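Right, one structure below, let's go through it.
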Amino acid sequence: MKEQLQQLLIVSLEALLAEGVIAEIPTQIRLDHTKDKTHGDYATNIALILAKQAKCAPKVLAEKIIAKIGDSSLVNKTEIAGPGFINFFLSEASNSAVVTDILASAEDYGLSNVGEGKRVLLEFVSANPTGPLHVGHGRSAAYGATVANLMRAVGFAVDNEYYVNDAGRQMDILTVSIFLRYLEVFGEDLRFPDNGYQGEYIKDIAKSVVAEHGERWRKNADELFEDICKDEAEGGDKEAHIDAIIKRSKRLLGEGYQAVFRVGINSILGGIKDDLAEFGVDYQQWFSEQSLIDDGLAKSTTETLQETGHIYEKDGALWFKTTDYGDEKDRVVVRENGIHTYFASDIAYHLEKFDRGYDKVINIWGADHHGYIARVKASIAALNHDPEKLEILLVQFANLYRGGKKVQMSTRSGSFVTLEELRNEVGNDAARFFYVLRKSEQHMDFDLDLAKSKTNENPVFYIQYAHARICSVFRQAGEKGVTVNSSDADLSLLIEGSEKALLKELNRYKSVIESSALQYEPHQLAYYLRELATNFHSYYNACPFLVDDDALTQARLALIKACKQVLVNGLSLLGVGAPESM
RNA sequence: GCGCCCAUAGCUCAGCUGGAUAGAGCAACGGCCUUCUAAGCCGUAGGUCAUACGUUCGAAUCGUAUUGGGCGCACCA
């Protein structure tokens with residue numbers, strides 16, 4: 001519809017161009033759905049834009065444009081309004097045609113190919129496998145999964161990927177934390193390090209180690225802690241303390257160290273995978289950081305940077321000169337102790353991503369990582385790739401509110417609300433919807449009470465209720481013996497104000513999908529669905545659907561059937577269910 | 001101190017990349033169920049778009065400054 005109108009405009013502008021009235025035709029002609037129905041169905045500001053170069057008043061130019069458009073079966077009426085907007089009033093037939101389109105395409109309605117099959121790598125969540133996902137990760141998960149759905153809907157070939165940080169010191173700390181809890185199971189008396197992972201889940205994993213390996217790796221705590229330097233709370237250095245325990249544990253355990261680590265990583269990563277799967281968040285790839293080291297890619301990437309002169313040595317460490325590419329300061333890639341930093345493997349990871357031949361690489365990060373963008377882009381440029389191909393989307397934190405009060409959370413003490421707890425408390429549908437209801441770069445307050453409420457005003461249920469109501473109408477129709485025959489419905493009978501409003505809303509769906517997808521803004525779709533539901537509920541209250549006049553009944557049923565289809569399609573992109581009864 | 005993000009109704013937020021009288025949802029107030037689910041609908045009230053300049057036909061939107069909040073500035077990840 002919009003495309004056809006745009007075409008009419010272009011033809012008109014080309015004629016004016018030939019006459020020399022205007023100098024050129026803009027590449028983009030804005031044609032908007034109007035907010036106010038007195039402004040017609042679509043409006044364009046083209047005359048305002050071109051007025052200056054045409055050297056005439058916007059209103060005069062608008063008249064010339066309209067004159068060249070002439071008659072079309074699409075348009076009932078055009079008018080010039082305000083400073084020079086051109087408003088289009090569509091004919092009834094062109095407005096109701098959307099119902100036929102929707103019913104014909106069914107679950108495929110809204111799909112398009114603006115993405116032209118371009119391959120996109122979308123990396124999101126990628127939380128360290130040191131514990132369960134918490135509510136902050138939940139927002140990234142819901143956002144990423146929805147962006148992926150939207151991009152697929154408009155024709156991109158998207159791969160979802162989770163980068164697993166299964167290498168490095170954090171993994172050692174995890175292993176040792178489990179090992180110490182394991183020893184405690186056997187009654188070993190020890191002091192748990194300040195810097196260890198304090199959460200209860202570590203104790204559960206320790207029990208799994210017992211279940212799997214029995215007493216095989218039991219060691220004497222006194223032997224383990226003998227001559228170990230003091231921990232922070234005892235006046236020492238917590239980092240040195242836990243490093244010493246790591247070293248000692250490796251020596252005492254030998255191959256057992258790997259065994260404990262395996263149980264830990266499998267348990268935690270398995271938990272994360274289950275959690276995300278239950279949340280409706282699917283991944284095509286789980287990319288292991290350790291694999292970059294095992295394949296030698298981390299090392300060879302650093303060597304490449306060294307050969308090309310991007311790396312220098314200072315204070316015994318290797319520094320990457322990221323300032324050459326606009327970073328604030330240079331960054332260490334290999335530490336004085338010979339161990340590479342997280343950044344080093346991240347460079348290799350991004351190089352590997354580019355080598356896989358994607359047209360677009362997108363990372364979704366927590367907003368606290370924004371300072372990291374410059375150095376990653378620098379490394380891409382230094383390795384002769386185009387940093388513009390990497391897009392980084394930032395997701396702000398979510399604060400939880402319960403009973404009007406902020407829920408305090410701290411990762412350190414292990415007192416955080418997990419994603420699983422949130423899902424169990426409010427349900428997957430409400431969680432998915434609430435997470436994407438806010439623009440991702442906005443801080444968001446997640447009201448647990450509102451998300452849970454099934455009796456109060458809750459946007460998720462409001463939309464689902466619209467769907468359930470439609471389903472109920474069709475059940476009633478069946479009971480009354482009405483044979484639904486939507487393909488033959490006479491849509492010209494839809495002339496009530498609430499019907500026109502609903503038709504207009506349905507006409508918006510395609511552009512909402514496209515806009516949400518291209519701008520990575522799922523909230524646009526969430527808002528749209530609520531507005532669509534509002535239009536339906538108004539219609540429901542204004543007009544009975546099952547009336548004595550069969551032709552009118554068929555027309556109205558066709559309309560709400562189309563509405564139901566769009567609700568289902570939209571909710572499904574958000575990962576939210578559409579229950580048939582509530 | 002430097003950098004990034006943010007500031008819109010009492011609360012939570014939209015505002016389609018500069019357009020028409022700034023919109024929703026909660027909360028408040030007043031109506032609507034013998035009729036397809038009242039988890040709904042209709043109406044009323046609520047605003048100096050943080051502040052001040054600037055850019056132009058036109059600014060919540062763009063620029064500069066100020067104020068107030070969040071985050072980041074490791075040989076951690």
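Residue numbers start from 1 in every chain, and the chains themselves are labelled A, B, ... in the order their sequence lines are given, proteins ahead of strands. As the structure is a prediction and not an experimental result, all values here were calculated from the model.
- Between U44(B) and A27(B), the two C1' atoms lie 15 Å apart (nearest whole Å).
- One can place CZ of Arg375(A) at 13 Å from P of G72(B), the figure rounded to the nearest angstrom.
- Residue Arg438(A) has its side chain nearest to A14(B) when only A14(B), A77(B), C6(B) are considered.
- The pairing partner recorded for C36(B) is none, the criterion being a Watson-Crick or G-U wobble arrangement whose two distances lie under 3.5 angstrom.
- Nucleic acid contact for Asp166(A): none, since no nucleic acid atom lies under 4.0 Å from a heavy atom of the residue.
- By the 30° and 60° cut-offs, the orientation of the rings of Tyr349(A) relative to Tyr163(A) is parallel.
- Taking the C1' atoms as reference points, C13(B) lies 31 Å from C73(B), given to the whole Å.
- Comment: Asp172(A) does not engage Arg169(A) in a salt bridge, judged by the lack of any side-chain N to carboxylate O separation of less than 4.0 angstrom.
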Can Leu532(A) and Leu502(A) be said to form a side-chain contact (heavy atoms from CB on, under 4.5 Å), step by step?
CA-CA 7 Å; Leu532(A) 179 61; Leu502(A) 186 52; 3.7 Å; yes
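- Dashed line: the shortest gap from a side-chain N or O of His523(A) to OP1 or OP2 of G15(B) is under 4.0 Å.
- C41(B) is paired with G31(B) under the criterion used here, namely a Watson-Crick or G-U wobble arrangement in which both key atom distances are under 3.5 Å.
- Looking at heavy-atom distances under 4.0 Å, Ala43(A) makes contact with a base.
- Arg139(A) places its CZ atom 14 Å from the P atom of C71(B), with the value rounded to the nearest Å.
- Minimum atom distance to the side chain of Gln396(A) is reached by C5(B), of the listed C36(B), C5(B), C75(B).
- The same atom, C1', is picked in C62(B) and in G58(B); the two are 13 Å apart, to the nearest Å.
- Heavy atoms of Ser538(A) sit under 4.0 angstrom from primed sugar atoms or phosphate atoms, though from no base atom.
- Side-chain rings of Tyr143(A) and Tyr520(A) stay apart, their centers remaining 6.0 Å or farther from each other.
- You can call Phe85(A) stacked on the base of A20(B); the centres are under 5.5 Å apart and the planes sit within 30°.
- Where Phe545(A) and Glu441(A) each meet RNA chain B at their nearest nucleotide, the meeting point lying more 5' is that of Glu441(A).
- U34(B): glycosidic angle beyond 90° from 0, hence anti.
- Across all strands shown, G3(B) pairs with C71(B); the Watson-Crick or G-U wobble distances both stay below 3.5 Å.
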Set out, in order, the CA-CA distance, both residues' side-chain angles and the distance that settles side-chain contact (heavy atoms from CB on, under 4.5 Å) for Val566(A) and Phe536(A), then state yes or no.
CA-CA 12 Å; Val566(A) 170; Phe536(A) 167 74; over 6 Å; no
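- Checked against C36(B), A20(B), G3(B), the side chain of Glu328(A) finds its nearest nucleotide in G3(B).
- Contact annotation: Tyr372(A) does not reach the phosphate of G3(B) (side-chain N/O to OP1 or OP2, under 4.0 Å).
- In this structure, Phe287(A) has its ring center no closer than 6.0 Å to that of Tyr162(A).
- If you measure from atom NZ of Lys439(A) to atom P of C6(B), you get 7 Å, rounded to the nearest angstrom.
- Atom CD1 of Ile46(A) is separated from atom C1' of G19(B) by 13 Å (rounded to the nearest Å).
- Checking the phosphate oxygens (OP1, OP2) of U35(B), no side-chain nitrogen or oxygen of Gln476(A) falls inside 4.0 Å.
- A distance of about 16 Å separates the P atoms of U61(B) and U56(B), rounded to the whole Å.
- Under the 30°/60° scheme for interplanar angles, the aromatic rings of Tyr372(A) and His369(A) are found to stand perpendicular.
- Remark: the Asp368(A) side chain and the A77(B) base include no donor-acceptor N/O pair separated by less than 3.5 Å.
- Nucleic acid contact class of Cys471(A) (heavy atoms, under 4.0 Å, all strands): none.
- Scanning atom types as modelled, one donor and one acceptor separated by under 3.5 angstrom connect the side chain of His370(A) and the base of G3(B).
- Here the nucleotide nearest the side chain of Asp445(A), chosen from A77(B), C41(B), U12(B), is U12(B).
- Atoms CG (Asp429(A)) and P (A39(B)) sit 19 Å apart, rounded to a whole Å.
- Residue Asp447(A) is out of contact with every strand shown, counting any heavy-atom pair closer than 4.0 Å.
- For Arg331(A) and Lys480(A), each mapped to the nucleotide of RNA chain B holding its nearest heavy atom, the one lying further toward the 5' end belongs to Lys480(A).
- As the counterpart of U51(B), A65(B) is assigned, both hydrogen-bonding distances of the Watson-Crick or G-U wobble pattern falling under 3.5 Å.
- Minimum atom distance to the side chain of Pro544(A) is reached by C36(B), of the listed C42(B), C36(B), A77(B).
- Checking the phosphate oxygens (OP1, OP2) of A77(B), no side-chain nitrogen or oxygen of Thr341(A) falls inside 4.0 Å.
- Side chain of Arg530(A), nearest nucleotide from G15(B), G25(B), C75(B): G25(B).
- Distances shorter than 4.0 Å separate none of the side-chain N or O atoms of Arg469(A) from OP1 or OP2 on A39(B).
- Taking only side-chain nitrogens and oxygens, Gln442(A) comes nearer than 4.0 Å to OP1 or OP2 of A7(B).
- For the C1' atoms, the distance linking C57(B) with G18(B) amounts to 12 Å, nearest Å.
- Taking the C1' atom of each, C36(B) and A45(B) are spaced 33 Å apart, rounded to whole Å.
- Counting non-hydrogen atoms under 4.0 angstrom, Tyr540(A) reaches a base of the nucleic acid.
- Going from atom CZ of Phe343(A) over to atom P of G72(B) covers 19 Å, rounded to whole Å.
- You'll find the ring centres of Phe434(A) and Phe446(A) inside the 6.0 Å limit.
- A syn base is found at C33(B): its glycosidic angle is within 90° of 0.
- With salt bridges taken as basic N to acidic carboxylate O contacts below 4.0 Å, none links Lys353(A) and Glu161(A).
- Put simply, Lys329(A) has no side-chain N or O that comes within less than 4.0 Å of OP1 or OP2 on G3(B).
- Shown here, C13(B) forms a base pair with G23(B); the pair counts as Watson-Crick or G-U wobble because both key distances fall under 3.5 Å.
- When the C1' atom is used for both A22(B) and C29(B), the distance is 23 Å, rounded to whole Å.
- Taking the six-membered ring for Trp and the full ring otherwise, Phe320(A) and Tyr312(A) have centroids separated by 6.0 Å or more.
- Centre separation under 5.5 Å together with a plane angle under 30° holds for the ring of His39(A) and the six-membered base ring of A20(B), marking them as stacked.
- Considering only side-chain N and O atoms, Arg335(A) lies under 4.0 angstrom from the phosphate OP1 or OP2 of A77(B).
- Rounding to whole angstrom units, CZ of residue Phe461(A) and P of C26(B) are separated by 15 Å.
- Summarising the geometry, the separation between NZ on Lys314(A) and P on C75(B) is reported as 9 Å, rounded to the nearest angstrom.
- Comparing C6(B) with G47(B), their P atoms are spaced 26 Å from each other, to the whole Å.
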